[in-house]
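Below you'll find the structure, written out as structure tokens, and then a few comments.
From a predicted model like this one, the values you see are computed outputs, not experimental measurements. So you know, we letter chains A, B, ... as the sequences are listed, proteins then strands, and number each from 1.
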Amino acid sequence: MSNLLWLIPALPFAGSLILIVAGSKLPKKYVPLIGSGSVGVSAFITLLIGMEFITSESGSVIKQVLWQWIDVAGFSPAFGFHLDSLSLVFIFVITFVGFLIHVYSAEFMAEDEGYARFFAFLNLFVGSMLILVLADNLLLLYFGWEGVGLCSYLLIGFWYQEEKNGSAARKAFIITRVGDTAMAIGLFMIFKTMGTVNLVDIQGQATSVWTVGSYEVTLIALLLLGGAVGKSAQLPLQSWLPDAMAGPSPVSALIHAATMVTAGVYLIARTHVVFELAPTAQFVVGVLGAVTLLMAGFSALTQYDLKRVLAYSTISQIGYMFLALGIGAWSSAIFHFMIHAFFKALLFLAAGAVIMALHHEHDMFKMGGLRKKLPVIYWTFLIGAASLAALPLITAGFYSKDQILWLAWAGEKGNTWFFLAALVGAFITAIYTFRMVFLTFFGEEKTQVSHVPGSLINIPLIVLAVLSTGAGFIEVPHSLGHLQWFTDFLSPLLPITIIRPGIESTEWMIQLLAAGLSIGGAGLAYYFYGVRPSLHIQIKNAIPQVHNFLLKGWRFDSLYDWTFVKPFVYLSNVNKNDLVDWPFNALVTVAGFIHRLFAFTQSGILRWYLIGIVVGAILILTLGILI
Amino acid sequence: MLIIFYIAAAVAVIATVLVITQHNLVHALLYLVVSFLAVAMAFYVLGAPFIAALEVIIYAGAIVVLMIFVIMMLNLRQESVAQEKKWLNARIVIGPVILTLVLAAELLYMLSTETSVHLTGEVIGAKAVGMSLYGHYVIGVELSGILLMAGIVGAYHLGRQKKKVTHRFLEKQEE
Amino acid sequence: MTTIPAEYGLVLATVLFMLGLISLLIRRNIVFMLISVEIMLNAAGLAFIVAGSRWSQADGQVMFLFILTMAAAEVSVGLALILQIYHQLKTVNSDEASKMKG
């Protein structure tokens, strides 16, 4: 069974190829069949291989080398796959959530003229993402990394007729490029010092090559972090993700919430050996995560656009994962990734359905009262929101976030500031999440519902809703019955977080605090948007600058505009006539002039040619006499 | 010997000058024959009787006759002589003459820098030439054969009287 | 019997060559131009004969034979070309045959 591993990424690629080549000629009903079918079969194979993997002994890996990719002077990355527990979690999420989103898209995009193109890109994305997580060396990982970047660009700019979508796509591509460049340099340095890019070799040899905290390993870790930060939209490269919402909602769900943006988390978890050798870099990961989760959370409080709230919340939740990575809570980060993928995909898909139902209305303040009109979407959205807000006991989000909170407090590398940031973040998360719920589904109806979604949209939502609640119970904290399936599953690969001694007894207090804050946040949202709707407008009018500052995402766009774009545009204006080109242009002009001169002599009159010969003979003879 | 050479040289130069100043093609060709005969005389004096004979037969004979045939085929009338007169004016002559004189001066200067050698006047006959031609230079002979063959084919092909075919570029310009 | 200095022969060749060259440059009639080329080839041949006589070798005469062959071939092709030009353009003016800017 395990030798079918290559089929998992190959099937989506094949689907993509078919759709690209023949998509426009195929009858419309076959397009989603190929698009979702290929991912569906991939998901099925993943299930089979996963079964085999779980029943096999702990710590085993499945390896499959397809062919030697490059072999030059000791640099020999293979085109090979490496399946261990970490990549199994990722391919499981990618294929299953991906499959559900494909099914959803079959209805959601049905009216779009780029139907086949959409599925081709989605399939290409799933294939690239699978390559990324299955790669057995960093170069192949980078291949998938760039592939998903390309698909992200293509899909953000999917409705390319509108100029702002094109700009959003370019913005995403260019900003992530900054991180990718850093990551590439990191790869070069790893190869230079270790002589290999194979992940297993790196894991095995790292401790013997580098000493803890050495300058070199810190630099490599920071460069890898640069790549992760770009792809995962963390500070300071986070500003592309809110604009990426220009793409269709399934794209936001799949790429910009559930899978691609967590590639950074995967990269850091995969190279955790390097980060453990560089405590400074790991601390930076935690700080970036903590700061990002707070900043994005505050920005989410002020947004009008339903999808932008979700985008900021995604940045914030990935901030949690980075925080977890920063404190060495590796498996917690991956657990939160998985749960987040479920509920965030659910929220995006539900939001997409709401937006579609209301004639592409994005503004939450123009929605309302949809509870009765769209019951399925209401209930599923509510479950997703509860999970995001981490309402205690019943939601999966509670278990995953609580673990991070607890380890930020109790972990060896955690500290009070990380813990406070995570706690405040949890409170804000609850507020903006229920702000969404109350604005969208409660109150009076402001826009007519024009389109009630069908079963292809409802079924994925229900499945994801079940996962958003049920998936949490595979990892239950000590105080509530102690279940550690997920951590145990990952433990051969990712080290278990060491907890400071004598602190276990406080765990129930932390949980109570977190639960109280999330319920309190939900209550506060209800007070502001349900009980006294005029209050938030008064607050907004009282401090318009602060509101605007947060609405624009802490004005990072303006900052980058001033520091990078404006100087660049100024320089390019100065250099409009291209100083470097000047001598070359002069060469062209001179050549053109001489050409015209000689063309003039080519008159077709024989005697002029003869005179030319005579003059040439005279010149040569004169030279002969003189020299 | 020297006097004969001087006479032959003088005749050759004068005849050639007359060739290039004639307006009538046929007259020019007659002077050309005289020039070739004088040069043949010079060859004889220089000790190359075989070549002198060839000069008379091929240059003064075959080539000039060929040209006369072509002139007949062209069938140029009296007005072509007037045309020739119009073309040969002082303004057009002066430039080429100056250029050529410069070239000639340079060549003569180079000749004058060499030390003077007197020719023995020893006769090199047809036999010696033949031995050399079919011994050392046999490749050249074969190549000459190919050249003549190409000349024959080319002349036949080009000389055929075809229906007037205007080239498509020229056609456009005429419109 | 006085012998001939080698330079005299070469001077004669030079003079004949230059006369041919002048004619070639000043004439527009394409038949005259062909005649001029013949004069020049003949002058070049004369130079070879003088050189052969100077060294008492047959090589100069062999070279003359090659020039003679070449001249014959050239004249036959050249005259055929002249016939064609006259046939096409109805003139023997070489300046007229300049439309292709060749």
Side-chain angles (χ1 to χ4, degrees), chain B residues 1-2 5 9 12-13 16-17 19-20 25 28 32 36 39 42-43 46-48 50-51 54 58-59 63 66-67 70-71 73-74 84 87-88 92-93 96-97 100 103-104 107-108 111 116-122 124 128-129 132-133 137 140 144 147-148 151 154-155 158-159 164 170 173, chain C residues 1-12 14-16 18-23 25-26 28-29 31-32 34-36 38-39 42 46 49-50 52-54 56-59 61-62 64-66 68-77 79-84 86-88 92 99-100:
Chain B
M1 285 295 255
L2 190 58
F5 177 75
V13 171
T16 310
V17 170
V19 169
I20 69 172
L25 259 174
L32 186 64
F36 284 153
V39 173
F43 287 161
L46 289 167
F50 175 57
I51 294 301
L54 279 181
I58 294 178
Y59 265 117
I63 290 178
L66 193 58
M67 284 189 166
V70 170
I71 289 163
M73 286 170 82
L74 289 178
E84 209 51 46
W87 282 342
L88 262 186
I92 214 165
V93 169
V97 168
T100 316
L103 193 58
L107 275 175
L108 292 175
L111 281 178
S116 180
V117 179
H118 282 259
L119 302 176
T120 54
E122 183 193 340
I124 300 157
V129 175
S132 181
L133 197 60
Y137 289 103
S144 301
L147 180 69
L148 283 173
L158 289 168
K164 184 185 175 187
L170 303 178
Q173 279 188 350
Chain C
M1 198 174 76
T2 45
T3 52
I4 308 163
E7 305 88 59
Y8 286 21
L10 290 176
V11 167
L12 176 62
T14 310
V15 170
L16 288 177
M18 291 307 156
L19 285 171
L21 188 56
I22 289 173
S23 177
L25 291 176
I26 64 177
R28 285 190 212 188
N29 188 327
V31 186
F32 267 114
L34 197 65
I35 291 171
S36 313
E38 290 309 314
I39 294 171
N42 194 41
L46 176 59
I49 296 295
V50 174
S53 186
R54 158 73 177 77
S56 302
Q57 294 281 327
D59 301 55
Q61 299 191 20
V62 171
F64 185 88
L65 276 174
F66 288 149
L68 195 71
T69 319
M70 205 272 283
E74 179 245 333
V75 161
S76 59
V77 176
L79 284 171
L81 277 171
I82 289 171
L83 280 177
Q84 275 301 327
Y86 188 71
H87 192 62
Q88 297 269 342
V92 284
K99 282 184 182 151
M100 295 285 282

Backbone N/O of B:Ala128 and side chain of B:Ser132: donor-acceptor pair under 3.5 Å:
no

Please identify, among [options], the residue contributing the most non-hydrogen atom pairs under 4.5 Å to chain B.
options: C:Val50, C:Ile35, C:Leu21; value: C:Ile35
options: C:Ile82, C:Asp59, C:Val92; value: C:Asp59
options: C:Pro5, C:Ala58, C:Ser76; value: C:Pro5
options: C:Ala71, C:Ala73, C:Ser53; value: C:Ser53
options: C:Leu68, C:Leu34, C:Leu10; value: C:Leu68

Could you grab the distance from atom [atom1] of [X] to atom [atom2] of [Y], nearest 0.5 Å is fine?
X: C:Leu65; Y: B:Leu54; atom1: CG; atom2: CG; answer: 5.5 Å
X: C:Ser23; Y: C:Phe32; atom1: OG; atom2: CZ; answer: 7.5 Å
X: C:His87; Y: B:Leu74; atom1: NE2; atom2: CG; answer: 12.0 Å

Determine the option with the most heavy-atom pairs under 4.5 angstrom with chain C, choosing from [options].
options: B:Thr16, B:Val117, B:Leu103; value: B:Val117
options: B:Gly151, B:Ala155, B:Gly47; value: B:Ala155
options: B:Leu2, B:Leu107, B:Val93; value: B:Leu2
options: B:Leu46, B:Ile51, B:Val70; value: B:Ile51
options: B:Ala12, B:Ala28, B:Ser116; value: B:Ser116
options: B:Ile71, B:Ile63, B:Leu32, B:Val19; value: B:Ile63

Testing the basics here: between C:Gln84 and B:Leu158, what is the closest heavy-atom pair and its distance to 0.1 Å?
NE2-O, 2.7 Å

Provide the closest heavy-atom pair for B:Ala48 versus C:Ile49 in the form atom of the first, atom of the second, distance.
CB-CG2, 4.1 Å

Can you tell me which portion of B:Leu147 sits under 4.5 Å from chain C's heavy atoms? Options are side chain, backbone, both or neither.
both

What part of B:Val39 lies closer than 4.5 angstrom to a heavy atom of chain C: side chain, backbone, both or neither?
side chain

Check the pair C:Arg28, B:Leu88 against side chain to side chain contact (heavy atoms under 4.5 Å, CB included), reporting the backbone distance first and the verdict last.
CA-CA 9 Å; C:Arg28 285 190 212 188; B:Leu88 262 186; over 6 Å; no

Relative to chain B, which segment of [X] carries a heavy atom at a distance below 4.5 Å: side chain, backbone, both, or neither?
X: C:Leu12; answer: side chain
X: C:Val11; answer: both
X: C:Thr14; answer: side chain
X: C:Glu74; answer: neither

Partners passing ring-ring contact (aromatic ring centres under 6.0 Å, His included) against B:Phe43 (at least two apart in sequence or in another chain):
C:Phe64

Contacts of type ring-ring contact (aromatic ring centres under 6.0 Å, His included), residue B:Phe5, not counting sequence neighbours:
none

Compare all side-chain heavy atoms of B:Met67 with those of C:Leu79 and state whether any distance is below 4.5 angstrom.
yes

Using side chain to side chain contact (heavy atoms under 4.5 Å, CB included), reason through C:Val15 and C:Leu19 one step at a time and then give a plain yes or no.
CA-CA 6 Å; C:Val15 170; C:Leu19 285 171; 4.1 Å; yes

